There are 2 protein chains.
Amino acid sequence: MSIRLVSWNVNGLRAVSAKPEWRWFAENTCDVIGLQETKAMPEQLRPEVASPAGWEAHWASSVVKKGYSGVAVFSRIKPLAVHCELPQPEWQGEGRILHLEFEKFHFFNGYFPNGGAEELDENGKPIPGRFKRVPYKMGFFDAFTAYAEECRKSKPVVVCGDFNIAHRAIDLARPRQNEKNTGFLPEERAFLDRFTALGYVDTFRHVHGDVEGRYSWWSYKMRAREKNVGWRIDYFFVSEELKPYIRDAWIEDDVYGSDHCPVGLELDI
Amino acid sequence: MSIRLVSWNVNGLRAVSAKPEWRWFAENTCDVIGLQETKAMPEQLRPEVASPAGWEAHWASSVVKKGYSGVAVFSRIKPLAVHCELPQPEWQGEGRILHLEFEKFHFFNGYFPNGGAEELDENGKPIPGRFKRVPYKMGFFDAFTAYAEECRKSKPVVVCGDFNIAHRAIDLARPRQNEKNTGFLPEERAFLDRFTALGYVDTFRHVHGDVEGRYSWWSYKMRAREKNVGWRIDYFFVSEELKPYIRDAWIEDDVYGSDHCPVGLELDI
DNA sequence: CTTTGCAGG
DNA sequence: CCTGTAAAG
């Protein structure tokens, strides 16, 4: 027995679900699908997208700004409980977290904040290395980690989604050029150091070791994807109690339709 | 000897000039082309669009809002003088009028104001028949007429462009349904009554009489164009001194690429 | 570069 | 419905 889970930042579910690439969903044989950046309320989608037969669908949508952020989880397994967003109002409203409690583990689907644009000084010139939303991003990660740790007291944890951080130099094509760009800032990388030190295992690295050139996001600019100038910022982490049960972890970089590709995890269970 | 002039509301010159339909321009054998709703500054266009070889180009662009309104005139004949906008500052800034003085006549290319959306009452409900910009539209027409009459003292006048008014019931497919819609309001139609009473001749009607079903604009909604549910709101008027010289006037309703089609005039001269 | 939102027509 | 804009990624 095994359970297969996949995660995909779709960059607009209305757009993706109108493309031929959306057959990815119909052809998918996994048990749980976490989507990020849905940028839509379910009622804005065709019924077969919002409520596909054979799946239970859950949504967390942005209420602070429409067409922004948003996550969804489709599951063939009925969860014991479902929670939208983090517990504190401070971190609610952008539709970033769905928490499904399954029999054997807590499952989190997260669209973690982007660091945003560089801050501008009084003269309107960008301040190198200072990004508008990095403080919010770091606070969000801390709040998430505290909640995950709390949940982990009852059973193991699986976290997937777009972390908007490449952990190590090996996780992006151009590490040196990006040391002062959000997504690879020292303080962002340090969060993933702390997170993994708590016992959250990067399942792709666990399975594939230090393989190079495997990414999950490519800028739409400069034909980055055809040159594989990418970043690995989409992850499946499991709390280390589940490490013995990791059967496989992968990156579906043959799937197009978004600037991200799906990533997956299979657990023996 | 004759001179041929055409007028086209392109609904975005950047968009049209990227479509195959823009071959209309390259294949055009006329002497003067007036465009409306260019929605662009010439420097935003490819050089062969902004400054086509063999033509003199003139532009009046909106300075109050970018990507809005805007007119252009391409001429194979060098004008004696060129004036942008109406003389009074009150009616300037939206890029609506180009006035080229030729040897035998004053030529005006106009994008006359749209009546806008219905005004809302205190409860946010639309007030039937009350449109936000109809007062501005009527003021603009009066200012234009005064200017044209002033110019007409020195030589005859040719006026083309999008008037955003259907003159008579015969000039739109659904007159009854539109009696309370801007474009066919009594006060708008009354302006064209006054304008023609001053001696400005609707050249299409002069040539074709009361022919029905010939329109120059179709809503993009409801497949109006394939059903020919249109309006004739694009005109060539000439002051009656030129009436003996009208050789032809036409509507190029086989030209696609905009919600309007071109209209044309040939004068013996 | 791409997806959203929105104004304007 | 289509063209522009802007914000966000």
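Nothing here was measured: the structure is a model prediction, and the numbers come from that model. In what follows, every chain begins at residue 1, and chains take the letters A, B, ... in the order their sequences are listed. Just so it is clear, the values below take in all heavy atoms, side chains as well, and ignore hydrogens, waters and symmetry mates.
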**Student:** Report the residues that fulfil side-chain hydrogen bond (donor to acceptor under 3.5 Å, both in side chains) with B/Asn109, sequence neighbours left out, ordered by chain and then residue number.
**Tutor:**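 Checked B/Asn109 against side-chain hydrogen bond (donor to acceptor under 3.5 Å, both in side chains); matches are B/Gln36.
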**Student:** Applying side chain to side chain contact (heavy atoms under 4.5 Å, CB included), can you list everything that pairs with B/Lys66, at least two apart in sequence or on another chain?
**Tutor:**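 In terms of side chain to side chain contact (heavy atoms under 4.5 Å, CB included), with neighbours along the sequence ignored, B/Lys66 is linked to no residue.
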**Student:** side-chain hydrogen bond (donor to acceptor under 3.5 Å, both in side chains) with B/Tyr136: which residues, sequence neighbours excluded?
**Tutor:**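 For B/Tyr136, no residue satisfies side-chain hydrogen bond (donor to acceptor under 3.5 Å, both in side chains) once neighbours in sequence are set aside.
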**Student:** Give the B/S/- string for nucleotides 2-9 of chain C, one per nucleotide from 5' to 3', where a protein heavy atom under 4.0 Å of the base yields B, of only the sugar-phosphate yields S, and otherwise -.
**Tutor:** SBSSS-SS
**Student:** Using the side chain to side chain donor-acceptor pair (under 3.5 Å) rule, collect all pairs that involve residues 112-121 of chain B, keeping only residues at least two apart or in two chains.
**Tutor:**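 Residue pairs passing side chain to side chain donor-acceptor pair (under 3.5 Å), neighbours aside: B/Glu119-B/Arg130.
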**Student:** List for me each residue that meets side chain to side chain contact (heavy atoms under 4.5 Å, CB included) alongside B/Arg214, sequence neighbours excluded, and say none if there are none.
**Tutor:**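 Residues passing side chain to side chain contact (heavy atoms under 4.5 Å, CB included) with B/Arg214: B/Phe204, B/Val211, B/Ile251, B/Asp253.
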**Student:** Show every salt bridge (Lys or Arg N to Asp or Glu O under 4.0 Å) that has at least one partner inside residues 167-179 of chain B, sequence neighbours left out.
**Tutor:**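 For residues 167-179 of chain B: B/Arg168-B/Asp210, B/Asp171-B/Arg205, B/Asp171-B/Arg232.
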**Student:** Taking side-chain hydrogen bond (donor to acceptor under 3.5 Å, both in side chains) as the test, write out the residues that go with B/Trp24, two or more places apart.
**Tutor:**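 Expected list: B/Glu252.
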**Student:** Which nucleotide span of DNA chain D, 5' end to 3' end, has atoms closer than 4.0 Å to non-hydrogen atoms of chain A?
**Tutor:**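 Range of nucleotides within reach of chain A: D/dA8 to D/dG9.
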